[in-house]
Visitor: 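Let me begin by handing over the structure; questions about it come next.
Here is the naming used below: chain letters follow the sequence lines, and residue numbers restart at 1 for every chain. All heavy atoms count here, side chains included; hydrogens, waters and symmetry mates do not.
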Number of protein chains: 2
Amino acid sequence: MAKLSPETLRERSDHILDAAGRCFARAGFHRTTMQDICREAEVSPGALYIYFNSKESLIAGICERERAEFASRFAEMPVGADFMGALAALGRQFLEDPLHRRLLCVEVGIEATRNPKVGEIQKSVEGFIRGSFHDLFTKLKTEGRIAPVFDIDTVVEAFMTIADGMLWRRAVDENFKADVVLPPLLEAVAALLRPVAHEAKS
Amino acid sequence: MAKLSPETLRERSDHILDAAGRCFARAGFHRTTMQDICREAEVSPGALYIYFNSKESLIAGICERERAEFASRFAEMPVGADFMGALAALGRQFLEDPLHRRLLCVEVGIEATRNPKVGEIQKSVEGFIRGSFHDLFTKLKTEGRIAPVFDIDTVVEAFMTIADGMLWRRAVDENFKADVVLPPLLEAVAALLRPVAHEAKS
DNA sequence: AATAAAAACGAACGATCGTTCTTTTTCATG
DNA sequence: CATGAAAAAGAACGATCGTTCGTTTTTATT
């Protein structure tokens, strides 16, 4: 009887997941070998396979963490007086992510189209995000703070398309300048949401 | 002396490239084997390697064709009276592409970040597209048909981000409805370009 | 038709990959 | 401290991949 404590177990599995994430982001899922991950995590194959029983389950694990990450970020989003400002801040936050996380999103998205297991998880992540924005936009609409011409479902879909465009472009184009495109894209989003002007404050 | 005619040579290399494209789109670059491509093209490995000396050069070949394809589509774009309509038509055209081509774009984009050779070609494709829209928008601006608040470079960048968002989402989300998001996204693009209203015709 | 070179074939090679398995080390417990 | 099971190690396995190469087939030319 010499079982490691659950905390230690979790800690080590997280450590391996981190290493795998760095490797996947660096070289892509199919180009990184299990040996690469072992080297990066400084563990042996035997040890790694105690925590994850296949290469595939490493991607799945990364997916799950990504969902948790977004959930916490979105929960912290202040939807107070200036929601466009909050949206801008959220966008900035994502665009300031280390390159490694962004490449990972793309990598996972691709893998999801071909790997049913990853696809399932990814779909639930997408659903969660879509739901979060859907709730936010409907709330803003019922409160009369936005007056979109299209229905909420459509607005959410278009919004997510624009957001994904940033994600993709930032991951793929080395010359991408986040601070250049963010303002015009926020303008574009504003055209979708059509925030209703309140009585001027200044 | 039994050399095949250049036309035949080109024909067969195109045939192989088509098959490779289908395979890459179906399973991704790293998951398709040379045997897969041989089977799809109905040629032997020995024959394939006469036309392409590596798996990598197949992607490169596909890239080059993609550039030519876009060039011809853009050249055919009627930039007459109703350029927003023309833009919409171009968008619809791309979104109506067979799934296979769209997945291919994503596949190539990813590969470009890791494969210097592919990266070089992809960069030139991107440059060509960016240049095309840059020219179009500056022309529209000097003619006084649009009045963007941001400078042309920025507008082009934001526009391409939105376009890429559609490409990505359509490739990755099986429930993506092109006809649903296209109208709001065109609205968003309009907010960037700010077409100046001419005297009403109807 | 004969010919010679190009083109195509396809079995096979060497390298590499994901995974396993035997051995050794570690560590909570008696 | 002794113990035994869990955890880690890492050499090794079978499978598979991109590519090659010796042979056969095709084809433009004489």
Side-chain angles (χ1 to χ4, degrees), chain A residues 1-24 26-62 107-108 110-111 114-118, chain B residues 1-24 26-62 107-108 110-111 114-118:
Chain A
M1 294 130 181
K3 201 160 203 155
L4 256 40
S5 69
E7 306 90 63
T8 314
L9 244 42
R10 175 62 190 254
E11 198 173 89
R12 299 204 177 158
S13 120
D14 269 350
H15 174 71
I16 292 172
L17 230 43
D18 288 339
R22 283 193 297 273
C23 289
F24 290 156
R26 190 186 306 136
F29 184 58
H30 292 282
R31 257 207 253 257
T32 72
T33 71
M34 290 305 251
Q35 292 294 346
D36 289 338
I37 299 171
C38 288
R39 213 172 299 128
E40 178 83 23
E42 293 180 296
V43 297
S44 67
L48 192 154
Y49 271 84
I50 289 174
Y51 295 94
F52 299 93
N53 48 43
S54 70
K55 194 180 179 184
E56 184 181 277
S57 66
L58 281 168
I59 283 247
I62 287 174
E107 206 64 40
V108 168
I110 293 276
E111 188 61 18
R114 271 125 196 180
N115 184 324
K117 207 162 167 181
V118 176
Chain B
M1 294 130 181
K3 201 160 204 156
L4 256 41
S5 70
E7 305 91 65
T8 313
L9 243 42
R10 175 62 189 255
E11 198 174 90
R12 300 207 174 154
S13 119
D14 268 350
H15 174 71
I16 292 173
L17 229 44
D18 287 339
R22 282 192 298 272
C23 289
F24 290 157
R26 188 186 308 137
F29 183 58
H30 292 282
R31 256 207 252 260
T32 72
T33 70
M34 290 305 252
Q35 292 294 345
D36 289 338
I37 300 171
C38 288
R39 212 172 301 129
E40 178 84 23
E42 293 180 296
V43 297
S44 68
L48 193 154
Y49 272 84
I50 290 175
Y51 294 94
F52 298 93
N53 49 42
S54 71
K55 194 179 178 185
E56 184 180 278
S57 67
L58 280 168
I59 284 247
I62 287 174
E107 207 64 39
V108 167
I110 293 275
E111 188 61 17
R114 271 127 196 177
N115 184 324
K117 206 162 167 182
V118 176

Visitor: I want to check something: taking the side chain as every heavy atom from C-beta on, are B:F24 and B:I37 in contact at a cut-off of under 4.5 Å?
Guide: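 Yes, side chains in contact.
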
Visitor: Would you say a side-chain N or O of B:R12 is under 4.0 Å from OP1 or OP2 of C:dA8?
Guide: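 For C:dA8, OP1 or OP2 has a side-chain N or O of B:R12 closer than 4.0 Å.
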
Visitor: Just how far is it from atom CD of A:E56 to atom CG of A:N115, taken to the nearest 0.5 Å?
Guide: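 Atom-to-atom, A:E56:CD and A:N115:CG are 4.0 Å apart.
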
Visitor: Rounded to the Å, how far apart are B:Q35 CD and C:dA11 C1'?
Guide: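 So the two atoms are 10 Å apart, to the nearest Å.
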
Visitor: For B:K55, does the NZ atom have more than 12 heavy-atom neighbours from other residues, nucleotides or ligands under 6.0 Å away?
Guide: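 More than 12 heavy atoms, drawn from other residues, nucleotides or ligands, come within 6.0 Å of this atom.
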
Visitor: Send over the distance from B:E11 CD to C:dA7 P, rounded to a whole Å.
Guide: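 To the nearest whole Å, that distance equals 14 Å.
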
Visitor: Within this structure, what is the NE2-to-P distance between B:H30 and C:dC17, rounded to whole angstrom?
Guide: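 So the two atoms are 12 Å apart, to the nearest Å.
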
Visitor: Short question: side chain of A:E107, backbone of A:G28 - any donor-acceptor pair under 3.5 Å?
Guide: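 No, the answer is negative, given that no donor and acceptor are paired below the 3.5 Å cut-off.
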
Visitor: Please tell me which of B:R31 and B:S5 maps to the more 5' nucleotide of DNA chain D, matching each residue to the nucleotide holding its nearest heavy atom.
Guide: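 Its nearest nucleotide being more 5', the pick is B:R31.
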
Visitor: Which parts of residues 46-58 of chain A get close to DNA chain D, meaning a heavy atom less than 4.0 angstrom away?
Guide: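 Close to the strand are A:G46, A:A47, A:I50, A:Y51.
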
Visitor: Could you check B:D36 against B:R26 for side-chain contact (heavy atoms from CB on, under 4.5 Å), going step by step and ending with a plain yes or no?
Guide: CA-CA 11 Å; B:D36 289 338; B:R26 188 186 308 137; over 6 Å; no

Visitor: Base, sugar-phosphate or nothing for B:T32? Non-hydrogen atoms, less than 4.0 Å.
Guide: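 Since only primed, P, OP1 and OP2 atoms lie under 4.0 Å of B:T32, the category is sugar-phosphate.
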
Visitor: If you look at every strand shown and take non-hydrogen atoms under 4.0 Å, does A:L9 touch a base, only sugar-phosphate, or nothing?
Guide: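 Counting heavy atoms under 4.0 Å across all strands, the contact made by A:L9 is with sugar-phosphate only.
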
Visitor: Look at the aromatic rings of B:H30 and A:H30 and report parallel, tilted or perpendicular, splitting at 30° and 60°.
Guide: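 Ring orientation of B:H30 relative to A:H30: parallel.
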
Visitor: To the nearest Å, how far apart are B:K3 NZ and C:dA7 P?
Guide: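 Taking atom P of C:dA7 as the reference, NZ of B:K3 is at 6 Å.
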
Visitor: Flag the pair A:R10 and A:D14 as a salt bridge only when some basic side-chain nitrogen lies within less than 4.0 angstrom of an acidic carboxylate oxygen.
Guide: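 Counted as a salt bridge, because a side-chain N and a carboxylate O are separated by less than 4.0 Å.
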
Visitor: State whether the side chain of B:S5 and the backbone N or O of B:T8 hold a donor-acceptor pair below 3.5 Å, judged by distance alone.
Guide: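 Judged by distance alone, yes, a pair lies under 3.5 Å.
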
Visitor: Could you check whether any side-chain heavy atom of B:F29 comes within less than 4.5 Å of a side-chain heavy atom of B:I110, counting everything from C-beta outward?
Guide: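 Not touching, per the 4.5 Å side-chain cut-off.
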
Visitor: Any salt bridge linking B:E111 with B:K117? Criterion: basic side-chain nitrogen under 4.0 Å from a carboxylate oxygen.
Guide: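 The answer is no: the pair does not qualify as a salt bridge.
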
Visitor: Could you check how far CG of A:D36 sits from P of C:dC17, rounded to whole Å?
Guide: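 From A:D36 CG to C:dC17 P: 7 Å.
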
Visitor: Between the two ends of the helix from C:dA1-D:dT30 to C:dG30-D:dC1, what is the bend in degrees, rounded to 10 degrees, where each end axis spans five pairs?
Guide: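 Computed from the C1' atoms at both ends, the axes differ by 10°.
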
Visitor: Between the protein and nucleotides 13-16 of chain C, which nitrogen or oxygen pairs come in under 3.5 angstrom?
Guide:
none

Visitor: To the nearest 0.5 Å, how far apart are CG in A:L17 and CZ in A:F52?
Guide: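 Going from CG on A:L17 over to CZ on A:F52, the span is 4.5 Å.
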
Visitor: What's the closest nucleotide to the side chain of B:M34 if the choices are C:dT19, D:dT19, C:dA7?
Guide: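 For B:M34, the side-chain atoms sit closest to D:dT19.
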
Visitor: Starting at CD of B:E42 and ending at C1' of C:dC9, how long is that distance when rounded to a whole Å?
Guide: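 Going from B:E42 (CD) to C:dC9 (C1'), I get 14 Å.
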
Visitor: Determine: side-chain N/O of B:S44 to OP1/OP2 of C:dC9, distance under 4.0 Å, yes or no.
Guide: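 Yes, within the criterion.
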
Visitor: When you measure from the side chain of B:S44 to the backbone N and O of B:A47, does any donor-acceptor pair fall under 3.5 Å?
Guide: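 Present.
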
